[in-house]
Amino acid sequence: MNEHAPFRVALIGYGFAAKTFHAPLISAERRLKLTHVASRDARKVHADFPGVKVGSDPLQVATGEDLDLVVIASPNDSHAPLARAALKAGKHVVVDKPFTLDLAEARELVALAKVQNRLLSVFHNRRWDSDFLSVRQIIETGEIGSVAHFESRIDRFRPEVRRRWREGDGPGSGIWFDLGPHLIDQALQLFGLPERVLASFARQRPGALAADWAHVVLEFGPRRVILHASMLVAGGSPRFVVHGDKGSLVKQAADQQEAQLLAGMTPGAPGWGEDADPVLLYDGSGTTCSQLAVAGDQRRFYAGIAAALNGGAPNPVTPLQALAVMSVLEAAIRSAETGAGVVPDLSEQEREAWT
């Protein structure tokens, strides 16, 4: 293709993740152009993007000749087969989280992308959330000292079980597959790979077919990292709580980019990513102060993808980073099943590449 023309993008699926996140963020990046969408509802797609080509067969769209990048935002059990087909067809690929259903599938795709010499990335967009960026900045400046306890929660209040695949009893369903990858990726960005994972899952809502409560502890020597997600929290739980040997921090409210996208805000518009909720700092002597939150900007994911495709920048989420997330996701599942702590199943080479 012409080096000055935007990369042609096919979006596989047009459900919540694709419509709310991927399509607007892709459209906000001038070096990318959304040209194809795989969906059974062409009218829904054309209401937002009148000029795109819509096909009902995801496999056919993902392997089409007149495109460069395939973004897979279909149900979780379709991620690996569609990514495999797109890579074999010579396409660059972005997969929505979770990368795959298990670590074996993830390794297969990583190896295939290397053979095909194609970019493969996973949409860990919440690296660029205001809440996480704010907490990360404070930890890295040493204001609260060495972290002993890190708690990250994504809680919601949805007491009624919805009829959708995410809450069904099929492969890749449940709250841990839905929210766990976000929580894991952020923790690994801060602390690297844990030594051991302990987990407990539950179905708390009447009629729940999949886990709707997850509590996972990552061990890093004496440091403990707690990842928690629930569907029965009406309020009161902070997004982050961090305790160090010089003080503590609390970030109460979550990043607002999802809410802004749902309200129809265009990424990059005035106010995009701004967070009015400050981070509260405590020094142990009764003194409390606050710091303004850093603005979030999930556009940076697709900006990074475009730069990597142009050959001038690294992949914003490397395949080996995505493998590490999958290893912790899978370790937590095994721990919840057995009641025992589980060491993430990564080879020495995979661990060395991460560090």
Side-chain angles (χ1 to χ4, degrees), residues 9-26 34 36-45 48 52 54-64 69-89 91 93-106 108-109 112 120-126 154 156 158 160-185 201 203 205 207-212 214 229 231 258 261-262 317 322 325-326 329-330 332-333:
V9 182
L11 179 56
I12 309 302
Y14 205 67
F16 177 80
K19 177 180 171 64
T20 306
F21 292 99
H22 292 280
L25 293 171
I26 291 167
L34 183 61
H36 297 72
V37 174
S39 172
R40 290 174 292 183
D41 190 346
R43 287 187 298 178
K44 178 181 176 182
V45 177
D48 298 330
V52 305
V54 180
S56 60
D57 184 341
L59 183 61
Q60 186 175 27
V61 175
T63 56
L69 172 67
V70 175
V71 176
I72 298 169
S74 49
N76 295 345
D77 60 356
S78 69
H79 287 186
L82 288 173
R84 186 183 305 114
L87 288 168
K88 288 183 176 179
K91 315 304 176 187
V93 174
V94 167
V95 184
D96 195 45
K97 58 78 201 166
F99 187 9
T100 57
L101 294 181
D102 59 44
L103 193 55
E105 283 185 331
E108 178 192 347
L109 293 181
L112 179 59
L120 174 63
S121 191
V122 176
F123 187 60
H124 285 304
N125 56 315
R126 294 196 179 276
I154 301 180
R156 295 168 173 169
R158 295 178 181 169
E160 301 295 329
V161 177
R162 299 180 182 183
R163 292 186 177 181
R164 57 178 191 158
W165 65 263
R166 293 182 190 276
E167 298 185 51
D169 58 359
S173 63
I175 200 168
W176 183 237
F177 271 99
D178 187 22
L179 301 178
H182 291 315
L183 298 168
I184 296 166
D185 184 65
F201 301 154
R203 301 177 188 177
R205 296 174 298 171
L209 300 175
D212 55 13
M231 290 291 200
E258 180 175 342
L261 288 165
L262 286 169
V317 179
V325 172
M326 285 302 304
L329 187 83
E330 193 169 272
I333 293 169

Asker: With sequence neighbours excluded, what pairs up with Phe177 under the ring pair (Phe, Tyr, Trp, His ring centres under 6.0 Å) test?
Answerer: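 By the ring pair (Phe, Tyr, Trp, His ring centres under 6.0 Å) rule, Phe177 matches no residue at all.
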Asker: Can you tell me how far CG of Asp57 sits from CD1 of Ile12, rounded to the nearest 0.5 angstrom?
Answerer: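 Spacing of CD1 (Ile12) from CG (Asp57) equals 9.5 Å.
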Asker: Report the distance from atom CG of Leu179 to atom CZ of Arg166, rounding to the nearest 0.5 Å.
Answerer: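 That separation rounds to 9.0 Å.
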Asker: So do Val325 and Phe99 actually touch side chain to side chain, heavy atoms under 4.5 Å?
Answerer: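 Not in contact.
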Asker: Can you list everything that forms a salt bridge (charged side-chain N to carboxylate O under 4.0 Å, His left out) with Arg203? Sequence neighbours excluded, please.
Answerer: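 For Arg203, no residue satisfies salt bridge (charged side-chain N to carboxylate O under 4.0 Å, His left out) once neighbours in sequence are set aside.
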Asker: Using the salt bridge (charged side-chain N to carboxylate O under 4.0 Å, His left out) criterion, which residues pair with Lys97? Sequence neighbours excluded.
Answerer: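 Scan of Lys97 (salt bridge (charged side-chain N to carboxylate O under 4.0 Å, His left out), adjacent residues dropped) gives Asp178.
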Asker: Any chance you could lay out the side chain to side chain contact (heavy atoms under 4.5 Å, CB included) test for Val95 and Leu120, step after step, and finish with the verdict?
Answerer: CA-CA 8 Å; Val95 184; Leu120 174 63; 4.3 Å; yes
Asker: I need the minimum non-hydrogen distance between Ser121 and Val317, along with the two atoms involved.
Answerer: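 Answer, listing the atom of Ser121 first, then Val317: OG-O, 2.9 Å.
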Asker: Identify, with sequence neighbours excluded, every residue that meets side-chain contact (heavy atoms from CB on, under 4.5 Å) alongside Ala42.
Answerer: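 Ala42 satisfies side-chain contact (heavy atoms from CB on, under 4.5 Å) with His46, Val54 once adjacent residues are dropped.
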Asker: Quick one: side chain to side chain donor-acceptor pair (under 3.5 Å) partners of Arg40, sequence neighbours excluded?
Answerer: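 Partners of Arg40 by the side chain to side chain donor-acceptor pair (under 3.5 Å) criterion come out as none, since no residue qualifies.
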Asker: Checking Thr100 now: which residues fulfil side chain to side chain donor-acceptor pair (under 3.5 Å) with it, not counting sequence neighbours?
Answerer: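 Thr100 satisfies side chain to side chain donor-acceptor pair (under 3.5 Å) with no residue once adjacent residues are dropped.
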Asker: Return all side-chain donor-acceptor pairs below 3.5 angstrom for residues 74-81, not counting sequence neighbours, or 'none' if the list is empty.
Answerer:
from	atom 1	to	atom 2	distance (Å)
Ser74	OG	Ser78	OG	2.6
Asn76	ND2	Gly172	O	2.7
Ser78	OG	Pro75	O	2.7
His79	ND1	Asp96	O	3.3
His79	ND1	Pro98	O	2.7
His79	NE2	Ser74	O	2.9

Asker: Does any non-hydrogen side-chain atom of Met326 lie less than 4.5 Å from one of Val122?
Answerer: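 Contact flag for Val122/Met326 side chains = no.
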Asker: Short question: side chain of Arg126, backbone of Asp185 - any donor-acceptor pair under 3.5 Å?
Answerer: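 A pair under 3.5 Å: no.
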Asker: Scan Leu69, Val37, Val70 and name whichever one has a side-chain contact (heavy atoms from CB on, under 4.5 Å) with Val9.
Answerer: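 Testing each of Leu69, Val37, Val70 against Val9, the sole residue satisfying side-chain contact (heavy atoms from CB on, under 4.5 Å) is Leu69.
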Asker: Do the side chains of Leu109 and Arg84 get nearer than 4.5 Å, heavy atoms only?
Answerer: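 In short, these two side chains touch, coming nearer than 4.5 Å.
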Asker: Between CG of Asp102 and CD1 of Ile333, what distance do you get to the nearest 0.5 Å?
Answerer: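 Here the interatomic distance stands at 9.0 Å.
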Asker: If you look at every heavy atom in Ala85 and Thr63, which pair is closest and at what distance?
Answerer: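 Closest approach of Ala85 to Thr63: O-CG2, 3.6 Å.
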Asker: So how far is it from Arg158 CZ to Arg205 CZ, rounded to the nearest 0.5 Å?
Answerer: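 So the CZ of Arg158 and the CZ of Arg205 are separated by 8.5 Å.
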Asker: Search all heavy atoms of Ile72 against all heavy atoms of Leu82 and return the closest pair with its distance.
Answerer: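 Closest approach of Ile72 to Leu82: CD1-C, 3.6 Å.
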Asker: Could you tell me whether a side-chain N or O of Glu167 sits under 3.5 Å from a main-chain N or O of Arg162, the two making a donor and an acceptor?
Answerer: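 It does hold such a pair.
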Asker: With sequence neighbours excluded, tell me which residues meet side-chain contact (heavy atoms from CB on, under 4.5 Å) with Ala211.
Answerer: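 For Ala211 the side-chain contact (heavy atoms from CB on, under 4.5 Å) partners, ignoring immediate neighbours, are Phe201.
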Asker: Test of understanding: with side-chain contact (heavy atoms from CB on, under 4.5 Å), list the residues that count as partners of Leu262, not counting sequence neighbours.
Answerer: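 Listed in chain order: Phe16, Thr20, Glu258.
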Asker: Using every non-hydrogen atom in the two residues, find where Ala18 and Ala73 come nearest and quote the distance to one decimal.
Answerer: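 Shortest heavy-atom separation between Ala18 and Ala73 comes out as CB-CB, 3.9 Å.
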Asker: Which residues pass the side chain to side chain donor-acceptor pair (under 3.5 Å) test with Gln60, sequence neighbours left out?
Answerer: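 Counting only residues at least two positions away or on another chain, Gln60 forms no side chain to side chain donor-acceptor pair (under 3.5 Å).
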Asker: The criterion is side chain to side chain donor-acceptor pair (under 3.5 Å); which residues satisfy it with Asp48, sequence neighbours excluded?
Answerer: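 Expected list: Tyr14, Lys19.
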Asker: Sequence neighbours excluded, which residues qualify as salt bridge (charged side-chain N to carboxylate O under 4.0 Å, His left out) partners of Glu330?
Answerer: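 For Glu330 the salt bridge (charged side-chain N to carboxylate O under 4.0 Å, His left out) partners, ignoring immediate neighbours, are Arg334.
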Asker: With a 4.5 Å heavy-atom cut-off, do Ile154 and Leu183 have their side chains touching?
Answerer: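 The answer is yes; the side chains approach within 4.5 Å.
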